[in-house]
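Working notes, structure below.
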Amino acid sequence: MITLQSISYVRLGTADLDGATKFATEYLGLEISNRSKDSIYLKSDRREHTLCYFRGSPTDQTVAFEVSELSELELAASELDRLGHRVRLGSATEAELRRVRSFIGFQDPTGNHIELVWRPAYSGQRYHGERDAGITGFSHIGLCTTDAARDEIFWTGVCNARVSDRIGDAALLRVDQVHHTIALFPTDRAGIQHINHQVATGDDVMRSFNFLSERQVPMVFGPGRHPTSSARFLYFQGPDGMIFEYSSGVREIADELLYRERQFPFDPKGFCEWGAKPQIREFRDWARPHVLD
Amino acid sequence: MVELEQLRYVRLVATDLGRAADFAERVLGLGPIDRTRELATFRSDFRDYTLAFVSGDRAVQSVGLEVRYPRDLEAILEGLRGLGLRVEKGSGEDCASRKVKDMAWFMDFSGNCIELVVRPLNSGWRYFPRRDAGVRGLADVILRSVDIERDLLIWTGILGARVSDWAGEAAYLRFDDAHHRIVLLPAARPGILAVEYAVEDVNLLMRNWYTLRDLQVAVVHGPGRRPASEQLFLTFAGPCDVLFSFVAEGISVDERHRARQFPAGPSGLCNWGSECKISEFNDAARVQNGRSITARTGVS
């Protein structure tokens, strides 16, 4: 069993590094912690960075999870190898680029690039965004799956994720008390489906809705409230078509023994209890439920 | 000093009673109570009605406020006469059509009609509307004033209301534990700008926002949050040339509360940055830019 402690960072390739930087700082509200000729490191909380854009293909997307012991990297590598996943041990240079001590990389069954990292860098200084978006931190990702049942088994069987709820066949998975850290959305591709940052209050969600709308940032879903996690949310489109989400008030699951996951419908009501309708293809056209309608 | 007990109702003059009634039920989610050729009333809470549409030659737009005893009514009328205002006692017929024991009305300095009523009818049955809009009840009324300083003399001097906060020249007035029940807003003409209904919480407010979109009702301000009262609001167009709002949350204030000065116009009325299409609010911001607010509040 691979024990994921928390989500660590996302690395995204982009053909327009300047455009991505402008979006991430002026619109999304992240803080630049570091930049090089080919990459920009962005901070959203106490960690040194939680998002990195680098010059490259926009399809080159990676998400990293933290493990607590170096030995767990080795155990994970042999377990993944046994299951037929090709595991790559990161070089010292690569580790330096990621601000971690050590890491391994592999692909999940869908082909998503996953990294497991040990001792990712924290920052001595607190996060102070480019604008007052109220961000409290990078929190979760939506991950594409080409086979929801298979990938749910991978994340819950090989790793320590637990199903918190399902919307149709889309499983919302937790690795700690937070309702979900990984959300698996059935689709026809590999990659990161959305990137979530938590904001302090519902007011922050609404302020950003007006701020970003005035600047013609495409709103693709919300403002709304998820019946699953009870979080208030806003989804909007960033560079290279990536969907970003702000949310506030996500539910925490304290009692592992008593909690039972629930089945929600794969329709707008399953995604929003206020009546917002998603313009996101993975929330509209996929994840046909196999049990309930 | 006499005290106002409650904000009771608004009476709006409808040219098309059917259309207005449809709005009250379908959009606001209120429950229909009485309906005649010239009157339609709607329930929103424990009160028999809080919204009345009236038609006919004698129909006048008004706001109804409750006072406790007939002697309070007399005392208020005495004070109003002292300010040189014309006051009039309601007839038995007037009382019956409003379902009150006793009543009087006056015109403020702007020309707004204010009705004062004694023992208005409460409902024995709870409010149960057709649409689940989550309405909790009539919360407050935004009233235009063409002479805000003199109109404030009525509210604070005769009716015992207190200023909770200022937004530009607009005054939030309270007479119970709510932050405000009446907002006096400087404007070029008199009349009710908006009638505001409280809904349960933010979820109901936002759900109503999407419902209003589906119903193709024009939202003119919000959803947003008011800096002074911390109320969430959503203001939309209604019949009778009057706006309606759903509001939720908000602070309550007590005797220790000190009135604060907030900016005029949209920046002082929403801290979510929502779009404002209400000309009175946008005009207020322009007026403020041309003149010092400290002069008005006496700080200078």
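Note on naming: letters A, B, ... go to the chains in the order of the sequence lines (proteins, then strands), and numbering restarts at 1 for each one. The figures here come from the full heavy-atom set of this structure, side chains too, leaving out hydrogens, waters and symmetry mates.
For chain B, no part of Phe211(A) is nearby; none of its heavy atoms comes within less than 4.5 Å. Contacts between Asn208(B) and chain A at a heavy-atom distance below 4.5 Å are absent for every atom of the residue.
For the pair Arg207(A) (side chain) and Asn271(B) (backbone), a donor-acceptor distance under 3.5 Å is present.
Side-chain contact between Val202(B) and Trp274(A) is present, with at least one heavy-atom pair separated by less than 4.5 Å. At a threshold of 4.5 Å between non-hydrogen side-chain atoms, the residues Trp209(B) and Pro223(A) count as touching. In this structure, Glu214(A) and Glu275(B) have side chains that are not in contact, with every pair of non-hydrogen atoms separated by 4.5 Å or more.
When the shell of 6.0 Å around CD of Gln125(A) is examined, it contains 12 or fewer heavy atoms from other residues, nucleotides or ligands. Around CZ of Arg130(B), the count of heavy atoms belonging to other residues, nucleotides or ligands within 6.0 Å does not exceed 12.
Heavy-atom minimum distance, Tyr210(B) versus Gly224(A): OH-N, 4.5 Å.
Taken to the nearest 0.5 Å, the CD atom of Glu273(A) stands 8.0 Å off from the CZ atom of Arg207(B). For the atom pair CD of Glu230(B) and CG of Asp203(A), the computed distance is 9.0 Å after rounding to the nearest 0.5 Å.
Interface check for chain B: of the options Lys277(A), Met206(A), Arg232(A), the most heavy-atom pairs under 4.5 Å are formed by Met206(A).
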